[in-house]
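Order of the sequence lines fixes the chain letters, A, B, ..., with proteins taken first and strands second; residue numbering starts at 1 for each chain.
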2 protein chains.
Amino acid sequence: MIPKELIYVTTVAQYGNISKAAERLFVAQPSLSRCILRIERDLGAELFKRTSEGLKPTFAGEYYIENANKIIRLYKELEIQFSNISNMHMGRLAVGTTTHLGSFALPKILANFTTRFPKIELSIVEGVSTGIEEEILKGRVDVGILHSPINNHGIKYTVIHEEKFLLAVPPDDPINEQAYFKDGGEGPYIDIQLTADRPYILTHTSQRTRQVTTKILENAKIDVKPRYLTKSIQTASRLVRDNLGFTLVPLSYCKLFGSAYSPNYYFIEEQYQPSWELVIAYSKDIPLSKASKEFNKIALETLPQLYDFPND
Amino acid sequence: MIPKELIYVTTVAQYGNISKAAERLFVAQPSLSRCILRIERDLGAELFKRTSEGLKPTFAGEYYIENANKIIRLYKELEIQFSNISNMHMGRLAVGTTTHLGSFALPKILANFTTRFPKIELSIVEGVSTGIEEEILKGRVDVGILHSPINNHGIKYTVIHEEKFLLAVPPDDPINEQAYFKDGGEGPYIDIQLTADRPYILTHTSQRTRQVTTKILENAKIDVKPRYLTKSIQTASRLVRDNLGFTLVPLSYCKLFGSAYSPNYYFIEEQYQPSWELVIAYSKDIPLSKASKEFNKIALETLPQLYDFPND
DNA sequence: AGGTCTTACGACTATCGTAATGATG
DNA sequence: CATCATTACGATAGTCGTAAGACCT
């Protein structure tokens with residue numbers, strides 16, 4: 001709110017008359033009179049000469065009025081911008097995501113978001129899952145698109161989509177023979193126990209794929225022998241194709257990589273919990289901005305479609 | 001005074017910590033906390049994200065802080081200028097005076113004033129006495145240097161100097177013969193009654209010299225026959241020299257005109273009140289500014305000296 | 001336990017409106 | 001006497017500080 005003093009003084013100056021100004025300002029005339037006197041007392045200088053023809057600014061008054069007008073203008077700009085902010089005509093949003101999701105999931109969401117809110121500046125922060133979580137906690141990232149599990153209890157999230165992990169098997173490996181089908185299954189299964197004591201190709205420990213893989217293998221009580229470490233699941237997949245070991249790959253990645261120069265992918269039994277979830281994550285402490293809420297809404301509309309791959 | 005909101009928000013932003021900011025601002029920490037919350041509520045937008053590492057401005061907050069700083073800067077300028085005004089390091093003063101006094105009395109005062117207060121803008125308004133009085137009432141002139149009598153009771157004044165009016169007599173006129181001297185008199189006297197029924201050269205009715213002259217002649221019960229009207233006493237004086245009539249001239253004017261091509265000047269009896277006063281005049285209603293008071297002081301020191309003419 | 005921010009409550013002060021007073025034309 | 005500014009006074013609302021609560025490290 002604009003300080004009353006400024007409005008009062010400038011309006012009195014404008015009308016040269018306290019009564020008229022009071023009417024215009026919707027205050028009682030004595031109140032305005034007192035207010036002007038108080039301001040003058042506080043400043044230690046007369047702002048108006050009370051002449052028989054009304055109130056006319058003194059030298060000090062002229063200076064005050066000039067500056068008051070400048071200040072009022074700034075206040076009005078501020079108010080306009082705040083109404084813009086609350087109407088989403090301006091704002092800023094930092095979205096954090098992993099490298100893979102940055103190219104896979106984000107583009108569609110961003111396209112929808114910027115179409116709907118073209119005046120919101122979007123900044124994308126890419127990094128590994130744990131790094132993004134850290135950024136969310138610090139408040140440098142407003143919203144993250146990540147995969148569960150999220151163990152950090154400073155972060156809350158909503159689940160968008162659950163996705164299976166598949167076992168990548170070298171095409172030449174004998175265990176291909178033992179693949180089987182299940183009722184209602186989307187494809188061939190294989191028993192992960194067959195890979196016990198066999199080498200695995202893994203991603204780095206800070207990567208969510210590695211964390212999920214580790215968990216699955218733990219569930220299967222398989223003591224992993226890491227053979228290669230890579231940052232990219234796609235690389236891991238190719239290494240499997242070259243018969244260098246096994247790896248676990250999220251379903252969407254398999255589909256995305258296509259069938260050229262790929263290993264064989266098999267579902268594995270539910271008991272090992274071979275899945276992760278795509279989630280939208282926020283700080284638990286920092287209240288959601290309007291922009292964040294809108295982003296959430298758009299993400300919820302957009303993302304599930306991405307997993308309806310065209311049949312090939 | 002600078003609005004608290006601005007200071008509060010910017011200080012909190014500066015420290016990123018309400019406790020520290022509260023300490024710095026000499027307010028209780030809960031008060032500051034509440035204050036920030038209230039401001040946010042009023043604006044309808046969060047200004048700070050409360051993160052584990054302290055308070056960090058949101059997008060809206062950044063904008064607010066930026067503008068708040070601009071506004072604070074303007075307020076500070078305003079404060080500085082007001083302190084300048086009260087220390088007479090700046091200001092404006094409108095001085096009104098008659099044409100004659102503008103060249104006779106004013107230069108010395110102005111020189112002293114501007115030496116002492118070089119930063120005060122001085123504006124000089126010249127006009128006839130009644131015009132200047134009008135300007136004083138309207139507040140367009142702060143201080144007037146005028147001659148009494150001032151009949152306008154909206155004006156108050158302090159007397160600087162009293163001055164006699166002298167009768168100007170053509171050198172050839174027979175009444176020169178009847179001049180006489182008095183004990184303690186500064187010069188020759190003449191009986192103004194000798195000019196009864198003789199023509200007079202007068203100034204315009206709006207001029208103070210005319211008003212004083214009229215009064216003196218009334219006091220002497222002389223029914224005037226105006227022969228010529230002029231705006232300048234000097235012109236009148238010359239016309240007297242040319243034997244075209246009589247006129248009454250203030251003493252300082254006589255001395256100023258010098259003796260070349262002058263009529264003869266005679267004192268006249270006190271009973272006709274042949275004098276006026278030099279006064280500094282102000283509006284009764286408009287309180288005196290500091291500059292006006294200082295001007296008054298300097299005028300009181302300066303003006304009396306002007307009437308100590310060097311003996312010639 | 002020590003730090004932080006927020007909520008609760010009582011006290012105070014500033015500002016308002018109505019009414020009365022003063023000043024002016 | 002009509003208009004305008006100022007002073008008087010009671011009511012109200014905003015702001016403060018102290019104390020207590022909530023939360024994180």
Side-chain angles (χ1 to χ4, degrees), chain A residues 1-9 11-42 46-58 61 134 136-139 152-156 283-287, chain B residues 1-9 11-13 15-43 46-58 61 134 136-139 152-156 283-287:
Chain A
M1 215 184 89
I2 303 176
K4 291 201 194 82
E5 307 163 3
L6 305 178
I7 303 287
Y8 284 3
V9 171
T11 307
V12 167
Q14 187 184 330
Y15 287 89
N17 178 315
I18 292 191
S19 303
K20 297 280 192 306
E23 199 175 324
R24 158 71 175 273
L25 292 165
F26 305 107
V27 291
Q29 177 269 325
S31 300
L32 183 57
S33 173
R34 250 177 310 123
C35 198
I36 299 290
L37 290 169
R38 180 173 43 77
I39 294 166
E40 288 177 327
R41 180 176 52 77
D42 293 347
E46 300 259 336
L47 294 178
F48 296 100
K49 293 185 268 199
R50 275 74 169 173
T51 75
S52 55
E53 294 180 334
L55 284 78
K56 297 193 173 172
T58 59
E134 207 53 39
I136 290 173
L137 288 180
K138 306 280 190 202
N152 197 318
H153 48 288
I155 291 180
K156 63 179 179 187
S283 165
K284 209 167 64 182
D285 308 313
I286 304 171
Chain B
M1 212 184 89
I2 303 176
K4 292 199 195 83
E5 307 162 3
L6 305 178
I7 304 286
Y8 284 4
V9 172
T11 308
V12 167
Y15 287 90
N17 178 315
I18 292 192
S19 303
K20 298 280 192 307
E23 199 175 323
R24 158 71 174 272
L25 292 165
F26 305 106
V27 292
Q29 176 269 324
S31 301
L32 183 57
S33 173
R34 248 178 309 122
C35 200
I36 299 290
L37 290 171
R38 179 173 44 76
I39 294 166
E40 289 178 327
R41 179 175 53 75
D42 293 347
L43 287 171
E46 301 258 336
L47 294 178
F48 296 100
K49 293 184 268 197
R50 275 75 167 172
T51 75
S52 55
E53 295 180 335
L55 285 77
K56 297 192 173 174
T58 60
E134 206 54 41
I136 290 174
L137 289 180
K138 306 279 189 203
N152 197 317
H153 47 289
I155 292 181
K156 64 179 177 184
S283 164
K284 209 167 62 181
D285 309 313
I286 304 172

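The existence of a salt bridge linking Arg50(A) and Glu40(A) is confirmed by a sub-4.0 Å separation between a basic side-chain nitrogen and an acidic carboxylate oxygen.
Atom NZ in Lys56(A) sits roughly 14 Å away from atom P in dA5(D) (whole-Å rounding). Taking atom NZ of residue Lys49(A) and atom P of nucleotide dA5(D), one finds them 17 Å apart after rounding to whole Å. Between the CD1 atom of Ile36(A) and the P atom of dT7(D) there is a distance of 14 Å, rounded to whole Å. The distance from atom CG of Leu37(A) to atom C1' of dA8(D) is 14 Å, rounded to the nearest whole Å. Spacing between atom CD of Glu40(A) and atom P of dA5(D) amounts to 13 Å, rounded to whole angstrom units. The CZ-P distance, from Phe48(A) to dT6(D), rounds to 11 Å in whole Å. One can place CD of Glu46(A) at 13 Å from C1' of dA5(D), the figure rounded to the nearest angstrom. dC4(D) atom C1' lies 17 Å from atom OH of Tyr15(A), rounded to whole Å.
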Using atom types as modelled, flag every donor-acceptor pair under 3.5 Å from a side chain in residues 17-25 of chain A to any protein atom, sequence neighbours excluded.
from	atom 1	to	atom 2	distance (Å)
Asn17(A)	OD1	Ser19(A)	N	2.8
Asn17(A)	OD1	Lys20(A)	N	3.0
Arg24(A)	NH1	Tyr15(A)	OH	2.7

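Put simply, the side chain of Lys49(B) gets close to the backbone of Gly139(A): a donor and an acceptor are under 3.5 Å apart. Panel note: side chain Ser33(A), backbone Gln29(A); no donor-acceptor pair is recorded below 3.5 Å. A side-chain donor-acceptor contact under 3.5 Å links Thr11(A) to the backbone of Ile7(A).
A heavy atom lying under 4.0 Å from DNA chain D marks none of the residues of residues 16-24 of chain B.
Atoms NZ and OG1, on Lys56(A) and Thr51(A) in that order, are 5.0 Å from each other to the nearest 0.5 Å. Going from atom CD of Glu134(B) over to atom CG of Leu137(B) covers 5.5 Å, rounded to the nearest 0.5 Å.
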Encode nucleotides 15-25 of chain C as B, S and - characters from 5' to 3', where the letter depends on protein heavy atoms closer than 4.0 Å: B to the base, S only to sugar-phosphate, - to neither.
SBBBB----SS

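Under 4.0 angstrom from either OP1 or OP2 of dC24(D) there lies no side-chain N or O belonging to Arg50(B).
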side-chain contact (heavy atoms from CB on, under 4.5 Å) evaluation trace for Leu47(B) with Ile36(B)
CA-CA 8 Å; Leu47(B) 294 178; Ile36(B) 299 290; 5.7 Å; no

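The closest side-chain heavy-atom distance from Phe48(B) to Thr58(B) is not below 4.5 Å.
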